[in-house]
Chemist: 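Submitted below is the structure of interest, expressed as C-alpha cells.
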Amino acid sequence: MIKITRFLYVHWLVLPLIFLSWLTDGLFTLLTAYAVVTVHELFHLFAALILKERVGSLIIMPFGMTVRLSARTICHLDKEMAIAAAGPLANVIMLMLCPFLKAIYGNTPASLVLFQILNIMVLTINLLPCLPLDGGRIVKAICIKKVGYLAAMSIMRRLSRFITILLCVSGILLLLVTRLNVSLLIIAGFLALHMAEEQRQNEYVIMQELLYNKKKLYKRGAMRSHTICATENTCARSVFKMLDYNSYYIVAIVSNTQKPLRFVTEAQIVDAILQKGWHILLSDV
C-alpha cells in the first residue's frame, strides 16, 4: 500500500494496471470506471460524515476505491444500513441523469453508453447479498435485528460463500465462451480475499460486542429492556445469539419442569462466557 496522505492510500497494483490500460488503449474505460466508483464511495463517505461516523481512510484499489471507517463495527444498525445504501443510491442517481445528458448531446455518444453500463454493473454487483458488498452489509444488519449477531454472521458466511462460488463458476464459463473476459473471476477473487479478512474481523467484533454489551447500560443510564426465558440446560452461547446492540436483556432461567429458578442480566452472561468459555450452560452462570 502506497501512503499519499494520512487519509489517502493507493494499492501498488493500481500503477501497473494504469500502464497496462494505456498500452491496450483502455485508459479511458479505466478512468471512467474509477470516476463511477469514486462517486459511489464519496456517497458512502458523505453518509458516514452526516451520521457522525469517523472515516479512517480512503484507499484506491485496482478494482476501484473503498472507504474504511475508523470503527471496526457500527453499533447502530440503522446507521450501517444507511451508509451501505448510500453507494448504490449514487449509481441510481447517475443513471437517472443519463437521459438528461442524452438530451443535451442530441444523440447517445459511446462515452455515455459506457457510463451507463459501468453504473449498472457497479449497482448490480454491490447489491449482491454478499460481504463485504453493500447489499451484504444491509442484509447482515437486517439479520442481526432478527436473530442476533452470531447467528446473523453464520448466515452471512454461508450466503457469501455460495455467491462467491457461483460467481467463480460463472466466471469460468464466461471465460470459456469469450476467451478473454475474466471480470467475474476477478470479482470472485476479490470477494474470496475479503471473506477471509471479514472472518478475522468478526472474531474481533464478537469480543468487542461482548464487552460493549456489558457497558452499554452504564453508558446510557436507561434503556428499553427485553426478557428471554430459557431452561437451565440451555447453552449460554444460544442466548447470546439473541442479543442486539440497542436493547438490554434480562434472562429468566427455568428448570426442565418450567419452575422459575432465577433471573440473570446479559452482563452476567457475558462475564460467565468471558471467564468460562462459549459452551457453558445457563446453570453455570
Chemist: Taking all non-hydrogen atoms of both residues, which atom of Val239 and which atom of Ala230 are closest, and how far apart?
Modeler: CG2-CB, 4.3 Å

Chemist: Does Ile93 share a hydrophobic cluster with Leu118, counting links as ILVMFWY side-chain heavy atoms below 4.5 Å and allowing steps through other members?
Modeler: yes

Chemist: Counting N and O atoms only, with roles assigned by atom type, does the side chain of Asp284 sit under 3.5 Å from a partner on the main chain of Ile280, one being a donor and the other an acceptor?
Modeler: no

Chemist: So, the side chain of Ser225 versus the backbone of Tyr248: is there a donor-acceptor pair under 3.5 Å, distance only?
Modeler: no

Chemist: Does Asn126 reach the side chain of His40, with side-chain heavy atoms less than 4.5 Å apart?
Modeler: yes

Chemist: Taking all non-hydrogen atoms of both residues, which atom of Val139 and which atom of Pro129 are closest, and how far apart?
Modeler: CG2-CB, 3.9 Å

Chemist: From Met156 CE over to Arg161 CZ, what is the distance, rounded to the nearest 0.5 angstrom?
Modeler: 11.5 Å

Chemist: In terms of the angle between their ring planes, are Phe43 and Phe46 parallel, tilted or perpendicular, with boundaries placed at 30° and 60°?
Modeler: tilted

Chemist: Any chance you could lay out the side chain to side chain contact (heavy atoms under 4.5 Å, CB included) test for Met81 and Arg137, step after step, and finish with the verdict?
Modeler: CA-CA 7 Å; Met81 286 191 286; Arg137 297 199 181 280; over 6 Å; no

Chemist: Taking it one step at a time, do Leu281 and Thr234 satisfy side chain to side chain contact (heavy atoms under 4.5 Å, CB included)?
Modeler: CA-CA 5 Å; Leu281 303 179; Thr234 301; over 6 Å; no

Chemist: What's the shortest heavy-atom distance between Cys98 and Gln116, and which atoms?
Modeler: SG-CG, 3.2 Å

Chemist: Is Glu232 reaching over with its side chain to a backbone N or O of Ser255, donor-acceptor style, under 3.5 angstrom?
Modeler: no

Chemist: Can you tell me how far CG of Leu77 sits from SG of Cys143, rounded to the nearest 0.5 angstrom?
Modeler: 11.0 Å

Chemist: Examine Leu89 and Leu95 and state if one hydrophobic cluster contains both, with Ile, Leu, Val, Met, Phe, Trp and Tyr joined whenever side-chain heavy atoms are less than 4.5 Å apart.
Modeler: no

Chemist: Of all heavy-atom pairs between Ala47 and Ala82, which one has the smallest distance, and what is that distance?
Modeler: CB-O, 4.4 Å

Chemist: One pair to check against side chain to side chain contact (heavy atoms under 4.5 Å, CB included): Leu261 and Val254. What are the steps and the verdict?
Modeler: CA-CA 5 Å; Leu261 297 177; Val254 300; 5.5 Å; no

Chemist: Tell me whether Met96 is reachable from Met121 by hopping between hydrophobic residues (I, L, V, M, F, W, Y) whose side-chain heavy atoms are closer than 4.5 Å.
Modeler: no

Chemist: How long is the gap from OG on Ser160 to CG on Leu128, to the nearest 0.5 Å?
Modeler: 10.0 Å

Chemist: Could you tell me whether the side chain of Ile273 reaches within less than 4.5 Å of the side chain of Arg237, counting heavy atoms only?
Modeler: no

Chemist: I want to check something: taking the side chain as every heavy atom from C-beta on, are Lys145 and Ile142 in contact at a cut-off of under 4.5 Å?
Modeler: no

Chemist: Looking at CD of Gln268 and CD1 of Ile250, how far apart are the two atoms once the value is rounded to the nearest 0.5 Å?
Modeler: 8.5 Å

Chemist: Is Lys140 reaching over with its side chain to a backbone N or O of Ala152, donor-acceptor style, under 3.5 angstrom?
Modeler: no

Chemist: Quick one: does Thr124's side chain have a donor or acceptor within less than 3.5 Å of a partner on Ile120's backbone?
Modeler: yes

Chemist: Does Phe115 form a side chain to side chain contact (heavy atoms under 4.5 Å, CB included) with Val36? I'd like the steps, not just the answer.
Modeler: CA-CA 8 Å; Phe115 182 72; Val36 169; 3.9 Å; yes

Chemist: For residues Val92 and Ile125: do they belong to one hydrophobic cluster (side chain heavy atoms under 4.5 Å, members Ile, Leu, Val, Met, Phe, Trp, Tyr)?
Modeler: no

Chemist: Which heavy atom in Ala84 sits nearest to a heavy atom in Ile138, and how many Å separate them?
Modeler: CB-CG1, 3.8 Å

Chemist: Can you tell me how far apart CG (Leu131) and CG (Leu159) are? Round to the nearest 0.5 Å.
Modeler: 8.5 Å

Chemist: Are Ile117 and Val113 packed together at the side-chain level, in the sense that at least one heavy-atom pair is separated by less than 4.5 angstrom?
Modeler: yes

Chemist: Got Leu123 and Met94 here, is their nearest side-chain heavy-atom distance under 4.5 Å?
Modeler: no

Chemist: Could you tell me if the side chain of Val251 sits less than 4.5 Å from the side chain of Thr265, heavy atoms only?
Modeler: no

Chemist: Taking a hydrophobic cluster as the set of Ile, Leu, Val, Met, Phe, Trp and Tyr residues connected by side-chain heavy atoms closer than 4.5 Å, whether directly or through intermediates, do Leu127 and Val39 fall within one such cluster?
Modeler: no

Chemist: Any heavy-atom pair between the side chains of Leu282 and Thr231 that's under 4.5 Å?
Modeler: no

Chemist: Could you grab the distance from atom CD1 of Ile50 to atom NZ of Lys79, nearest 0.5 Å is fine?
Modeler: 12.0 Å

Chemist: Does the side chain of Phe28 reach to within under 4.5 Å of the side chain of Leu114, using non-hydrogen atoms?
Modeler: yes

